[in-house]
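Written out below as structure tokens is the structure these notes cover.
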Amino acid sequence: MENWPHKHILTLSNFSKDDYKSVLELTERFNSLNTTGTKKIPALQGNLIISIFFEASTRTRNSFELAAKRLSADVQSFTPSSSSLSKGETHLDTALTYAAMGADILIIRHSSSHIPFEISKRLDASNSKTSVLNAGDGLHSHPSQGLLDLYTLIKFFSPKLLKPEILNSKTILIVGDVIHSRVARSNLWALTAFGANVILCGPPTLIPDEFIDFVNSAPTNKMPDPILARGSIKISRSLEESIKNSDAVIVLRLQKERMMENLLSSTRSYSENYCLTPEMLSINRKDIPILHPGPINRGIEISSRIVDEYPNCLINEQVSNGIPTRMALLYLLSKFKKQI
Ligand code: CP
């Protein structure tokens, strides 16, 4: 495995193919360990990992904490409601306080974009060795979800020997509330890095036309894109049309809590056009995999019959794969620290 070049993991926009491959290979190794019974290893013994979730989470928070425990790290959770936030302490001072306690890694989720980045800059400015791992920030980025989705898809298409190149020229359909989705943004970086062609499907209020230029217009930390040739991005307003020739579908949650304006005439009309049902899926004649990052709104963006009965619905696999993926990320950040 190559040296790991990132002190912080804040976005996938600066990931090279080698970076993705390091994560995927380690995820596969940790996944094998988890399934063969050797669940706990001493790799991060003595490391202090703090999970600081300023915004609610079930999957990400618990799987990061389980991942840290499986690597034998000391894990501390921050609970906003019983913290000094109620006395006016800021998110930045909260993070700096944990860094001063000797945290090796801060896992941070926040409802505003770029807060983990701000915290990482502040830590770097004070020569702190603490790493920041973005667990989802506003509309910006959810790198661990993008990576576990990447692993889940590659594992589906190449179950015996993991081959990331298998995604080259595959058509991956992402349907739903793209504008509010940090997951979709991370999916776009990861999938196009391996040559997948992505179709974004939904109404114009949830997928503005500008998304077609997402990869070219996003600032990649003012550095050149480390991926030389990416797959394409297209926009479709018709689920019926776009599902026909897709090789996989990622369904997104309708994020009502982030909708400041009235972006839909009604939830019902949205569901009539964009809810993934068995009838809609049958337009595609292959048994394609269906993913959803969760939490799901049953009957709004995805039918219960897909979730509970369709054999290639991979939602539970995504949740399971979240643990080895996050073990890989924690391991790589600790490896970075040993390199310096
Ligand atoms: N997918 C995801 O981020 O889920 P949680 O909000 O439950 O962490």
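For ligands, and for the atoms within them, numbers begin at 1 and follow the listed sequence. Just so it is clear, the structure is predicted and the values come from calculations on it, not from any experiment. For reference, positions follow the sequence shown, starting with 1.
Partner of Pro324 under the side chain to side chain contact (heavy atoms under 4.5 Å, CB included) criterion, out of Thr35, Thr27, Leu329: Thr27 alone. Screening Asn312, Leu314, Leu276 against Ile290 for a side chain to side chain contact (heavy atoms under 4.5 Å, CB included) leaves a single residue, Leu276.
Every protein residue with a heavy atom nearer than 4.0 Å to ligand 1 is included here: Ser57, Thr58, Arg59, Thr60, Arg109, His142, Gln145, Pro293, Gly294.
In terms of the ring-ring contact (aromatic ring centres under 6.0 Å, His included) criterion, Phe156 has no residue partners (sequence neighbours excluded). Judged as a side-chain hydrogen bond (donor to acceptor under 3.5 Å, both in side chains), and not counting sequence neighbours, the contacts of Thr192 are Arg230.
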For residues 64-74, please give each side-chain donor-acceptor pair under 3.5 Å, one per line with the distance, not counting sequence neighbours.
{"from": "Glu65", "atom 1": "OE1", "to": "Ser77", "atom 2": "OG", "distance (Å)": "3.3"}
{"from": "Glu65", "atom 1": "OE2", "to": "Ser51", "atom 2": "OG", "distance (Å)": "2.4"}
{"from": "Glu65", "atom 1": "OE2", "to": "Arg61", "atom 2": "NE", "distance (Å)": "3.2"}
{"from": "Glu65", "atom 1": "OE2", "to": "Ser77", "atom 2": "OG", "distance (Å)": "2.9"}
{"from": "Ser72", "atom 1": "OG", "to": "Ile41", "atom 2": "O", "distance (Å)": "2.7"}

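Taking the ring centroids of Phe214 and Trp189, they lie under the 6.0 Å cut-off.
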